Amino acid sequence: MKKLLHEASLERPLLGDGAMGTQLMIAGLEQGNCGEVWNLSHPDRVLAIQRRYVEAGSECLLTNTFGGSRIMLNRHSAADQVVEINKAGVAIAREAFGNNHGYVIGDIGPFGGLLEPFGDFTEAQVRSAFEEQAAALVEGGADAIIVETQTSLEELLIGIQAAQAAGAKCIIGSMAYDVTLDGSTFRTMMGVEPERAAEFMEEQGAHIVALNCGTRMDMQRALTAIKRYRSATSLPVMVQPNAGQPKLVNMKVVYDETPEQMVRGLAPMLEAGANIVGACCGSTPDHIRAFRQVMNEFLEVRGVALERSPA
Ligand SMILES: [Zn+2]
């Protein structure tokens with residue numbers, strides 16, 4: 001039987017994938033349209049993106065289900081397809097691995113609003129939406145669940161508990177940090193510091209502590225975050241920074257870090273003990289290919305054999 005993701009990640013670092021959203025745009029998805037519906041309407045295009053990540057060396061793929069909760073899909077009148085969209089997301093990622101061994105991580109993004117008393121959503125609504133999505137991802141055969149781009153511990157907890165209720169064997173909590181205006185530190189929009197997030201995730205039974213996306217969270221800041229996580233928990237750490245900052249060029253959002261620029265920050269992260277490394281918004285298969293090369297060199301120097309045996 002395949003090792004659980006968090007166990008495998010402690011034996012040697014694993015390579016994640018790059019962005020999905022920005023790749024869907026390149027494949028023709030229009031801004032504001034629902035990328036998750038493509039799991040049913042254009043599965044070939046989603047598969048092609050994930051295959052490119054596997055070819056580049058990804059060992060973990062996040063399903064194309066970031067906005068796949070009922071609350072998010074309802075904004076695109078697709079709430080009646082929650083189960084199908086999430087199950088198809090798992091199946092497409094699995095297919096992308098072909099004969100390669102790899103981990104399919106079922107992706108649950110934020111529900112896209114605020115909880116009462118700050119917003120209009122009750123905890124019960126969000127809980128039921130996350131439980132439904134997590135159940136579909138686990139039933140579809142996901143190896144792990146990631147509750148990602150989180151800014152509040154309240155919403156994170158609902159996601160972790162939904163994954164637990166669904167019977168997920170590996171649960172990843174992933175926070176999005178913003179660098180403060182003076183540049184001295186970073187915390188989430190809701191004021192959560194990395195040490196607190198790591199302690200909280202461990203207390204609540206998550207298996208991997210992660211960060212993704214965020215504002216001005218470049219490779220250097222992500223390295224600092226790894227160290228701060230490490231100081232607060234012994235759980236494996238996963239990082240997926242953005243490819244630099246978004247810029248508007250010809251009315252299109254582009255990210256300004258090339259694979260060459262981004263990959264410079266990778267070796268220090270591996271040395272600091274990152275267990276799973278991927279990238280978020282704006283990154284491409286070329287970024288992941290560059291990561292693969294540096295990671296292979298890192299493993300080679302340490303005499304770690306790379307096995308990409310059939311699943
Ligand atoms: Zn992102």
Side-chain angles (χ1 to χ4, degrees), residues 15-27 29 31-36 38 46 49-50 52-53 56 58 60-69 72 89 93 105-112 144-152 155-156 159 172-179 186-190 192 194 197 208-226 229 237-249 252-259 261-263 265-266 269 274 276-288 290-291:
L15 184 58
D17 61 4
M20 174 56 76
T22 40
Q23 288 291 303
L24 288 172
M25 302 277 182
I26 294 169
L29 180 73
Q31 190 102 42
N33 284 4
C34 183
E36 290 76 13
W38 273 27
V46 180
I49 293 167
Q50 293 190 317
R52 283 199 288 276
Y53 282 126
S58 292
C60 311
L61 289 173
L62 266 62
T63 57
N64 177 39
T65 57
F66 177 87
S69 68
M72 289 293 277
I105 303 176
D107 189 1
I108 299 181
F111 74 89
I145 296 277
I146 187 168
V147 184
E148 67 145 307
T149 322
Q150 289 297 316
T151 58
S152 84
E155 186 177 344
L156 172 73
I172 308 166
S174 190
M175 309 305 285
Y177 298 104
D178 301 338
V179 175
F186 47 82
R187 58 179 80 97
T188 72
M189 189 178 72
M190 304 302 278
V192 182
I208 299 176
V209 175
L211 75 95
N212 71 285
C213 222
T215 308
R216 291 165 63 211
M217 285 297 292
D218 56 12
M219 294 291 274
Q220 188 59 43
R221 308 277 192 189
L223 172 64
T224 307
I226 293 169
Y229 275 165
V237 172
M238 174 174 181
V239 282
Q240 298 178 290
N242 289 344
Q245 293 305 302
K247 295 211 162 86
L248 209 56
V249 177
K252 284 213 164 95
V253 178
V254 296
Y255 283 76
D256 64 1
E257 267 192 25
T258 64
Q261 288 169 326
M262 204 176 175
V263 80
L266 182 59
M269 279 185 186
I276 306 174
V277 180
C280 203
C281 300
S283 62
T284 67
D286 289 337
H287 288 80
I288 294 303
F291 276 31

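First listed ligand is number 1; within each ligand, the first listed atom is number 1. For reference, positions follow the sequence shown, starting with 1. From a predicted model like this one, the values you see are computed outputs, not experimental measurements.
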Under-2.8 Å neighbours of the Zn ion (ligand 1), protein N/O/S atoms only: 3

How close do [X] and [Y] get, heavy atom to heavy atom, and via which atoms?
{"X": "P285", "Y": "Y53", "value": "N-CE2, 3.5 Å"}
{"X": "M217", "Y": "A222", "value": "CE-N, 4.2 Å"}
{"X": "P241", "Y": "M262", "value": "O-CE, 3.5 Å"}

Partner set under side-chain contact (heavy atoms from CB on, under 4.5 Å) for V209, not counting sequence neighbours: A198, M201, Y229, T233, L235

Residue pairs, two or more places apart or on separate chains, that pass salt bridge (charged side-chain N to carboxylate O under 4.0 Å, His left out) and touch residues 276-287: D286-R289

By salt bridge (charged side-chain N to carboxylate O under 4.0 Å, His left out) - contacts of R52 (at least two apart): none

